[in-house]
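Convention: sequence-line order gives letters A, B, ...; per-chain numbering from 1. Only heavy atoms go into these numbers, but all of them, side chains included; no hydrogens, no water, no symmetry mates.
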Amino acid sequence: MLWKPVSQGGTAIVIRLKPCDYQKIIAHAVAAAPNEACGLIAGNANEGIKIVEKVYPLRNMDDSPLHFAIDPREQLSAIKNMRSLGITPLGNFHSHPQTPARPSEEDIRLAFDVNASYLILSLADTEPVLKAFRMEGGAPVAENIEII
Amino acid sequence: MKLTVAGVQKEYADGINVAELVALEKIETPEYVTVSINDEFVENGSFPDTAPHDGDVVEFLYFMGGGHDAY
């Protein structure tokens with residue numbers, strides 16, 4: 001899966017997510033809790049804006065509250081679906097059932113694609129918290145999420 | 001021979017193996033890449049011994065995972 005590059009090098013990136021897709025991520029995370037949930041986001045990227053057209057809730061092969069690994073078979077099916085819809089992979093998401101929405105050391109170590117957005121949904125508080133980051137120079141950089 | 005690699009059909013040398021294809025396509029961090037040929041996954045250790053055939057569909061899938069120590 002090759003991600004489509006958007007503006008990098010300090011440029012702010014905005015991720016636009018439809019409310020129904022935001023709810024889809026939350027529902028997937030709640031259903032998987034106390035384990036981590038995961039999936040892919042796809043859509044169109046241009047001039048620093050990533051517009052999410054589809055969210056793919058996928059299976060966490062690790063079945064763990066501490067780790068996630070996206071099932072490659074489901075990942076492959078999602079990629080084929082993206083191609084058929086003419087949309088591009090934009091990144092992935094996973095949940096932190098009991099910890100804040102910030103990347104762990106392992107999240108950072110395994111986020112080796114500089115063109116991907118990595119979304120983390122925390123269920124630790126009363127209300128879910130969704131944040132996004134990308135890797136830049138080996139460090140995570142926050143991205144903005146607009147739910148509209 | 002013709003292969004469809006990551007959704008794009010291209011011409012490749014006959015007999016090219018998966019390890020050579022990964023290098024040719026400049027796949028970054030190949031240790032985190034899973035390869036499928038016609039929807040069948042190739043075991044990571046057998047990339048040099050596996051050669052796609054004319055008309056095959058090859059996909060590269062990056063491992064996506066993460067996690068943290070016990071909280």
Side-chain angles (χ1 to χ4, degrees), chain A residues 1-3 34-36 38-41 56 58-62 64-80 82-84 86 88-89 91-100 102-116 118-120 124 133 140, chain B residues 1-13 15-71:
Chain A
M1 176 177 345
L2 304 175
W3 310 101
N35 291 341
E36 293 194 4
C38 54
L40 297 174
I41 57 170
Y56 295 85
L58 304 179
R59 189 170 80 86
N60 175 8
M61 282 200 315
D62 286 347
S64 164
L66 299 174
H67 300 275
F68 80 98
I70 292 180
D71 182 337
R73 291 199 179 278
E74 293 194 356
Q75 187 182 345
L76 180 58
S77 295
I79 295 302
K80 288 179 180 177
M82 290 173 203
R83 286 203 193 114
S84 72
T88 306
N92 67 37
F93 69 89
H94 74 281
S95 64
H96 283 179
Q98 298 193 45
T99 54
R102 61 170 174 259
S104 65
E105 285 185 21
E106 189 173 327
D107 290 339
I108 293 168
R109 184 174 60 80
L110 295 173
F112 43 80
D113 191 327
V114 296
N115 296 314
Y118 297 91
L119 277 59
I120 300 174
F133 74 97
Chain B
M1 66 174 174
K2 281 183 181 161
L3 299 175
T4 301
V5 177
V8 179
Q9 191 179 66
K10 287 193 277 187
E11 195 74 36
Y12 293 89
I16 190 170
N17 65 47
V18 171
E20 292 167 337
L21 196 56
V22 165
L24 189 66
E25 291 295 317
K26 297 183 171 57
I27 299 299
E28 295 175 13
T29 57
E31 65 272 28
Y32 290 113
V33 168
T34 299
V35 178
S36 73
I37 300 175
N38 301 333
D39 293 348
E40 293 295 324
F41 288 95
V42 180
E43 286 194 29
N44 279 18
S46 61
F47 284 7
D49 307 316
T50 306
H53 300 101
D54 185 47
D56 281 353
V57 176
V58 181
E59 298 282 357
F60 301 115
L61 298 173
Y62 285 102
F63 172 80
M64 289 187 195
H68 45 88
D69 295 328
Y71 36 81

Sub-4.5 Å side-chain heavy-atom contact between A/Phe68 and A/Asn35: no
When you compare the side chain of A/His96 with that of A/Glu36, does any pair of heavy atoms fall below 4.5 Å? yes
Best-contacting candidate, A/Arg73, A/Met61, A/Lys80, against chain B by heavy atom pairs under 4.5 angstrom: A/Arg73
Within residues 47-55 of chain B, which positions have a heavy-atom distance to chain A below 4.5 Å? none
Please walk me through it: do B/Ser36 and B/Asp39 pass side chain to side chain donor-acceptor pair (under 3.5 Å)? CA-CA 5 Å; B/Ser36 73; B/Asp39 293 348; 5.1 Å; no
Just by distance, do the side chain of [X] and the backbone of [Y] share a donor-acceptor pair under 3.5 Å?
| X | Y | value |
| --- | --- | --- |
| A/Asp107 | B/Gly67 | yes |
| A/Asn60 | A/His67 | yes |
| A/Glu74 | A/Leu58 | no |

